[in-house]
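Structure record follows, encoded as structure tokens.
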Amino acid sequence: MEVVVPDPANESSLPWGEGMARALVAHAADIILVLTEDHFCRFANPIVLDRLGYTPDQVLGQNVIPLHHPDDLPRAAAMLQAAAAHPGVPAQCEVRLKHRDGTWRWMSVIAVNRIGDPAIGGIVCTLHDITERMEASLAAREALRAQERAHQEQQRLADAKSHFLRLLGHEFKTPLTAIAGNAELIAIEAPGQEGVQESAQVIRSEARRLARLIDDLLLLDRIEATELTISRTLIDLNAVIADTVGRLRALDVTRDIHLSLARQLPPVPADPERIEQVVTNLVGNAVRYSPEGELVTVTTDFRPTDVEIRVIDRGIGIPADDLETIFHRYQRSRSGMAAGVSGTGLGLSIVREIVKLHGGTVWAESREGAGSTFCVRLPLKVPAEDAAAGPDRVVQLK
Ligand code: ADP
């Protein structure tokens, strides 16, 4: 078959006649309308039935403006006006038109003023159905908006929770300090009275436990709000550990906490206050989860790139499948719960967050019934990304 390359400038070179043009319009997949200047329909191709539910006859002679969605009318009017003002120049917009069944169909409309063309004598509008695409993109936009609303609500709740916790912390801490202080006074003023001493000791340690719980909740809230920052300085890790353990020994005189600290431990870039918290939580756990009288040992060691703290106990131990989950918030091990030791599952998640902020790692090794070892490894060099994070996170090293 011969292939003819038509020259659009030369009508007679076109391989089709009027019949073929009619056939093309009749079988076009898009609606083609020809409108008068005042928007009455002079011509409609058959696909209008399939796309909008009207036969061409039902559309002919009708003003098409009332078919538009009220919200889209200004857009449609502006497009028709632009087309009318510039003959031969296409104007385009996207509008909703009413289907005969009452639903709205999205159409991408291109209008060209061919009023001056005697073969056409009107504004030619081609309408391409884009309902599916528009509905999908509107649904995606709505989903995004819903997600944003949910995020804002989540943020509002988190803020309300933080506000409540801070208020609660303040309201609890003052009376707790008074309770512990008065218990101390009672103990001092009743020397030799065994029962009174014991009661005062219980009051003090319970007040301490509650104060620690409040501190943990407040700290966790700051971690959740990504407000927790660390101020690194070069610290003598052994000294920080010795001080912390000294304070813990004073609180629990019955327990033997042994220190085995490496000589010539290099200075560690760390936040002393936060490291004290890590040691307090780990040693506190070692004491709580091992029987009275059992030894708790804290060791330090170092390699060229990092230092390691180990807190070792001979307590109840942790089942192998709980070794990872105990570092998650509010998670307790089966052995801990079975032993009837009260706890909240907050301490280790705080330890993990603090160690992570230092660029270090923490893990537990254990054998049920034989004891546990908690290991913290801290880098001797500040990780590059932290150093780049600015003075907010990293204080100038001394
Ligand atoms: P808490 O002790 O208040 O429950 P933690 O987050 O400090 O919270 O500990 C989580 C869980 O890990 C504990 O509930 C306990 O089951 C287990 N655990 C922690 N330290 C030890 C330990 N030294 N020996 C045995 N189990 C431990």
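Atoms within a ligand are numbered from 1 in the order they appear, just like the ligands themselves. Only this structure's heavy atoms are used, side chains among them; waters, hydrogens and symmetry mates stay out.
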Practice prompt. Identify, chain by chain and in numerical order, each protein residue with a heavy atom under 4.0 Å from an atom of ligand 1.
Written response: Asn285, Ala286, Arg288, Tyr289, Asp313, Ile316, Gly317, Ile318, Ile326, Gln331, Arg332, Ser333, Gly336, Gly343, Thr344, Gly345, Leu346, Gly347, Leu348, Ser372, Phe374

Salt bridge or not between [X] and [Y]? Use side-chain N to carboxylate O under 4.0 Å.
X      : Y      : value
Arg332 : Asp322 : no
Arg310 : Glu365 : yes
Glu148 : Arg145 : no

Worksheet entry | All side chain to side chain donor-acceptor pair (under 3.5 Å) counterparts of Glu206, not counting sequence neighbours | Arg209

Discussion item. For Ser260, give me all partners under side chain to side chain donor-acceptor pair (under 3.5 Å), at least two apart in sequence or on another chain.
Written reply: none

Discussion item. Show every ring pair (Phe, Tyr, Trp, His ring centres under 6.0 Å) that has at least one partner inside residues 129-164, sequence neighbours left out.
Written reply: none

